[in-house]
**Student:** 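Can you read through this structure? Questions will come right after.
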Amino acid sequence: MGDKPSEAAPTGGRGRRSAARRLVRLLLRRPLALTGLVIILGLLLVALVGPQLTRYDPNLVTPRERFIAPCREHPLGTDHLGRDVMTRIVYGTRISFLVAVVIISLTAAVGTVIGAVAGYFGGYIDEVLMRITDVFMSFPWLVLAMAASTVMGPSLMTAMLAVSLVWWPGDARLIRSMVMSAKTEDYVEAAAAIGASRFKILFRHILPNCFSPLLVRMSMDAGRVILATASLSFIGLGAQPPTPEWGVMVADGRVNLFDAWWMATFPGLAIVLIVVGFNLLGDAIRDVLDPKGVYRV
Amino acid sequence: MYAYIVRRLALTIVVLLGITIMTFAISNLIPADPARYAAGLEAGPEQVEKLRRELGLDRPPLVQYFNYMKNLLRGNLGISVASRRPVAVDVAEYFPATLELVLVAFVLTVIIGVPSGVMAAVRKDSLGDALTRVPSLVAVGLPIFWLGLMGQFLLYWKYHLLPVGGRLGTFTASPPAITRLYLIDSLLSGQWGKFVETLKHLILPATCLALGRIAVMTRLTRASLLEVLQQDYVRTARAKGLSNRRVTYKHALKPAFIPILTEMGMQFGWMLAGTVIVESIFAWPGVGRYAFTAIMYHDLPAVMGVTLVLTLFKVLSNLAVDVLYVWVDPRIKY
């Protein structure tokens with residue numbers, strides 16, 4: 001773990017911007033990365049303007065139009081309440097991005113604070129904090145989330161909290177190990193020598209250098225947290241009907257699987273698309289920023 | 001080596017204590033009114049009050065925690081709201097089904113994932129190597145709940161190849177309960193037909209549970225073997241004139257096995273969670289489906305019972321992995 005992150009030398013904003021440009025350039029050269037980028041940007045576009053393009057209401061119940069198989073008016077069919085499946089998928093895109101952004105930023109924030117404190121101060125503080133992450137990591141992921149959202153009452157909000165509860169220890173461990181190896185670098189000693197406070201050293205000098213490993217982890221995790229939240233919704237512990245959330249839609253489709261296969265199939269494909277998009281992108285970002293696999297904890 | 005194992009055991013005990021504090025907090029401190037929960041949805045206010053006193057929920061949290069621990073150590077996981085039976089009895093009844101499913105999926109993951117990873121590493125940059133990469137990126141992204149439904153639709157409804165769910169057909173009696181793992185019991189009692197039937201029922205759920213994991217295992221095996229193959233001593237072995245085959249399988253595979261072992265432990269832990277979803281789709285009578293039903297009834301003791309048992313199992317499998325390290329890599333000292 002001796003290598004320090006090569007990209008993020010302790011420079012100001014200018015250095016980072018050119019690093020970002022280099023990252024984009026390297027990504028564009030890889031076909032898989034490009035595929036991922038196109039998928040995610042495409043879905044983002046759908047999330048932003050899609051609802052304006054469809055003429056159906058995602059939640060309007062029209063009993064006369066139940067279970068219509070995919071046709072010209074309803075390219076992906078209608079569900080058991082006569083709602084247009086494609087419209088609901090389009091609205092669901094927003095929820096998926098929301099889920100990814102909320103969970104990833106929440107876990108990164110909590111993980112960074114706890115990991116930084118543990119790594120920087122060491123000793124007893126480190127020992128206690130790491131045993132706490134051990135405990136959280138000992139639960140099978142869905143099981144802890146399941147227990148927590150059963151108690152908190154099922155909703156999309158509690159599902160996101162529950163998944164965050166399972167996810168932060170990974171971020172904490174990553175930041176801890178990066179901080180521990182950065183602590184011994186020359187520039188940290190130099191900062192200490194000119195009299196910078198410990199607080200300032202940690203937040204101004206060390207943490208900015210943990211940014212690229214964190215970015216790698218965040219991009220790898222975006223797809224996984226969407227998958228985890230959709231799984232909770234599927235078993236009834238996340239978003240509740242009639243929310244057009246993809247996991248809920250697959251659960252609705254499950255009941256009518258043999259009569260209306262399209263109800264479960266298409267929302268599921270949407271999940272596959274966004275998760276694979278994020279995975280391709282995350283994989284490529286890792287290849288570019290971390291070719292040696294140093295950031296893996 | 002013994003010092004390492006002792007230290008590892010001590011750590012396990014600390015973690016187990018932490019887990020009970022968490023489950024205690026989830027079931028007793030987070031709900032606004034745990035007695036209300038425990039009494040079930042139909043209970044009146046007097047019943048709730050009575051239960052609150054019976055369960056000691058009117059006492060300070062620390063006292064409650066000690067009572068909670070006392071009950072746990074006696075194997076008392078509370079009474080299920082839905083089945084009105086002790087949760088421990090329910091869980092013991094359903095656990096073998098879960099164990100059988102998870103073990104079969106785990107074996108599939110290892111016997112498919114590891115060899116294909118080795119193959120991809122040996123033939124690095126070949127067409128086959130490239131072909132493992134894209135499908136594994138997709139396979140990791142497949143939601144198991146969706147995969148299960150698609151499997152049911154195609155292989156049961158459309159082509160009638162496999163049963164829709166359950167451990168055995170509706171009219172088949174279970175084999176004599178020896179280990180309560182049907183594959184083993186049916187073999188031990190010589191009921192070949194039941195063995196095949198069990199196997200048929202296992203194919204879909206186990207594949208659902210294993211598919212993404214096989215992909216992860218393949219990628220990881222490939223990466224760790226490639227890393228070892230770049231080491232100096234491997235080059236030395238090649239320079240001595242040993243065959244490629246001998247170098248790969250005799251010199252490189254064992255050191256590459258350490259991260260693979262870690263990953264095996266993690267995948268096993270992952271399956272203990274994934275089984276909840278798979279069991280609920282395939283009407284598999286294990287603890288996962290029990291938990292799924294319990295969620296619908298707001299049956300908190302049952303959910304927490306399953307949480308504890310599955311977590312305990314994961315902790316034990318992690319422990320097993322750490323002990324196995326010593327055997328794979330005698331250099332490990334802590």
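Throughout, protein chains are lettered first and strands after them, A, B, ... in sequence-line order, and every chain is numbered starting at 1.
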**Student:** Quick check on B:Val287 against chain A: is it the side chain, the backbone, both or neither that has a heavy atom closer than 4.5 Å?
**Tutor:** neither
**Student:** Yes or no on side chain to side chain donor-acceptor pair (under 3.5 Å) for B:Thr23 and B:Tyr68, after CA distance, side-chain angles and deciding distance?
**Tutor:** CA-CA 10 Å; B:Thr23 51; B:Tyr68 176 80; 2.7 Å; yes
**Student:** For the atom pair CD1 (B:Ile144) and CG (B:Leu149), what is the distance rounded to the nearest 0.5 Å?
**Tutor:** 11.0 Å
**Student:** Nearest 0.5 Å, please: how far is CH2 in A:Trp261 from NZ in B:Lys158?
**Tutor:** 8.0 Å
**Student:** Is it the backbone or the side chain of B:Ile281 that comes under 4.5 Å from a heavy atom of chain A, or both, or neither?
**Tutor:** both
**Student:** Rounded to the nearest 0.5 Å, how far does CH2 of A:Trp262 lie from CD1 of A:Ile68?
**Tutor:** 9.0 Å
**Student:** Under the ring pair (Phe, Tyr, Trp, His ring centres under 6.0 Å) rule, collect the residues that match up with B:Phe282, sequence neighbours excluded.
**Tutor:** none
**Student:** Among B:Val306, B:Thr307, B:Ile21, which residue has the highest count of heavy-atom pairs closer than 4.5 Å to chain A?
**Tutor:** B:Thr307
**Student:** Could you look at A:Phe136 and say if it's the side chain, the backbone, both or neither that has a heavy atom under 4.5 Å from chain B?
**Tutor:** side chain
**Student:** Name the region of B:Tyr156, side chain, backbone, both or neither, that has any atom closer than 4.5 Å to a heavy atom of chain A.
**Tutor:** side chain
**Student:** May I ask you to name which of B:Leu142, B:Leu312, B:Val15 has the most heavy-atom pairs under 4.5 Å with chain A?
**Tutor:** B:Val15
**Student:** Select one option (side chain, backbone, both, neither) describing which atoms of A:Leu269 are under 4.5 Å from chain B's heavy atoms.
**Tutor:** both
**Student:** Using a cut-off of under 4.5 Å for heavy-atom pairs, which of B:Val14, B:Ile295, B:Val315 has the most such pairs with chain A?
**Tutor:** B:Ile295
**Student:** For B:Phe153, is it the side chain, the backbone, both, or neither that has a heavy atom closer than 4.5 Å to a heavy atom of chain A?
**Tutor:** both
**Student:** For chain A, which candidate among B:Ser280, B:Gly269, B:Gly288 shows the most heavy-atom pairs at distances under 4.5 Å?
**Tutor:** B:Ser280
**Student:** Please look at A:Leu257 and chain B and tell me whether the side chain, the backbone, both or neither of the residue comes under 4.5 angstrom of a heavy atom of that chain.
**Tutor:** both
**Student:** Sort out for me which residue in A:Ile95, A:Ile271, A:Val99, A:Ile226 forms a side chain to side chain contact (heavy atoms under 4.5 Å, CB included) with A:Trp246.
**Tutor:** A:Ile271
**Student:** Heavy-atom distances under 4.5 Å only: say whether A:Arg254 touches chain B with side chain, backbone, both or neither.
**Tutor:** both
**Student:** Carefully, step by step, assess B:Tyr65 and B:Thr20 under the rule side chain to side chain donor-acceptor pair (under 3.5 Å).
**Tutor:** CA-CA 9 Å; B:Tyr65 177 69; B:Thr20 57; 2.8 Å; yes
**Student:** So what's closer than 4.5 Å to chain A heavy atoms on B:Ala291: side chain, backbone, both or neither?
**Tutor:** side chain
